[in-house]
Protein chains: 2
Amino acid sequence: MTVRFYTVVIDCQNPKTLAEWWAKALGWQIVYEAEDEVVAAVDDDTYPALVFVPVAEAKSGKNRLHIDLAPDDRDAEVARLESLGATRVDVGQRAENTWIVLADPEGNEFCVLSAREGGV
Amino acid sequence: MTVRFYTVVIDCQNPKTLAEWWAKALGWQIVYEAEDEVVAAVDDDTYPALVFVPVAEAKSGKNRLHIDLAPDDRDAEVARLESLGATRVDVGQRAENTWIVLADPEGNEFCVLSAREGGV
């Protein structure tokens, strides 16, 4: 049995724009670009990558899957991501939570954790 | 700037059950388990991991994010995953697509790609 966790695929309105946003957010590169998908990854050999594919339907409701980012400095990273166009969103998180909930330019929620916390 | 793609978080009804399902699907381990999250990963040091968290709301509609798996042998892996309880789902894929669309026991869509194809 061999199966690898290969990519996370993100349905979106503007694959190229959103892939470039995430590449900038993560310090990654665009490693593949076509009409029907744009792939961002650390490099050609490192997986999982993020694959952005166009869909007709707009996002509705909170995503069932989301990405968590681990920063060296949470607040500095949140500020940097906000400067790139991320926005703070309320998904019911509590004031005592150690992570910050943001959304990318298409509204996809993601979290910036504290610098290594218990659990994950 | 240092931020890492750390985990994919999956909202679910039964974190422990679903985490164990994905661990079996991927040949991974449960590396952390608590009331409010269960983490599956290759091992303690390999990221990104999959984090399963309980939510009140049921899944509705197609997920905006999904996971793609790269197999050595697509059909053998699909058969194995079906034997674990994955089901085939129709999200509008076409007959000529080289990937198979499955859903995990909570209905989360994921794809099993052909053995390395162009693009991703």
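All chains are named by letter (A, B, ...) in the order of the sequence lines, taking the proteins before the strands, and each is independently numbered beginning at 1.
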Inset, instruction - Following the transitive rule for hydrophobic clusters with a side-chain heavy-atom cut-off under 4.5 Å over Ile, Leu, Val, Met, Phe, Trp and Tyr, establish whether A/V51 and A/Y32 coincide in one cluster. - result: yes
Legend entry - Verify same cluster id: A/V31, A/V38 (apolar side-chain graph, 4.5 Å): no
Legend entry - Hydrophobic cluster identity match, B/I30 and B/Y6, side-chain contacts under 4.5 Å: no
Legend entry - Per-residue contact mode, A/V55 against chain B (heavy atom under 4.5 angstrom): side chain
Legend entry - Among the listed options A/E33, A/R74, A/K62, the residue most often paired with chain B at heavy-atom distances under 4.5 Å: A/K62
Inset, instruction - Select one option (side chain, backbone, both, neither) describing which atoms of A/L50 are under 4.5 Å from chain B's heavy atoms. - result: side chain
Inset, instruction - Pick whichever of B/P48, B/A76, B/A49 has the most heavy-atom pairs under 4.5 Å with chain A. - result: B/P48
Legend entry - side-chain contact (heavy atoms from CB on, under 4.5 Å) partner of B/V3, the single match among A/L113, A/L69, A/D72, A/D73: A/L69
Legend entry - Closest non-hydrogen atom pair between A/F5 and B/L26, with its separation: N-CD2, 4.0 Å
Legend entry - Distance (rounded to the nearest 0.5 Å) between A/N63 CG and B/N63 CG: 8.0 Å
Legend entry - A/N108 CG to B/L65 CG distance, which is reported to the nearest 0.5 Å: 6.0 Å
Legend entry - Enclosure of A/E35 CD (heavy-atom neighbours >12, cutoff 6.0 Å): no
Inset, instruction - Starting at CD of A/E109, measure out to CG of B/D11 and round the result to the nearest 0.5 Å. - result: 9.0 Å
Inset, instruction - With rounding to the nearest 0.5 Å, note down the distance linking CZ in B/R64 to SG in A/C12. - result: 7.0 Å
Legend entry - Exceeds 12 heavy-atom contacts within 6.0 angstrom, atom NZ of B/K16: no
Legend entry - Path from B/V42 to B/L18 over hydrophobic side-chain contacts below 4.5 Å: yes
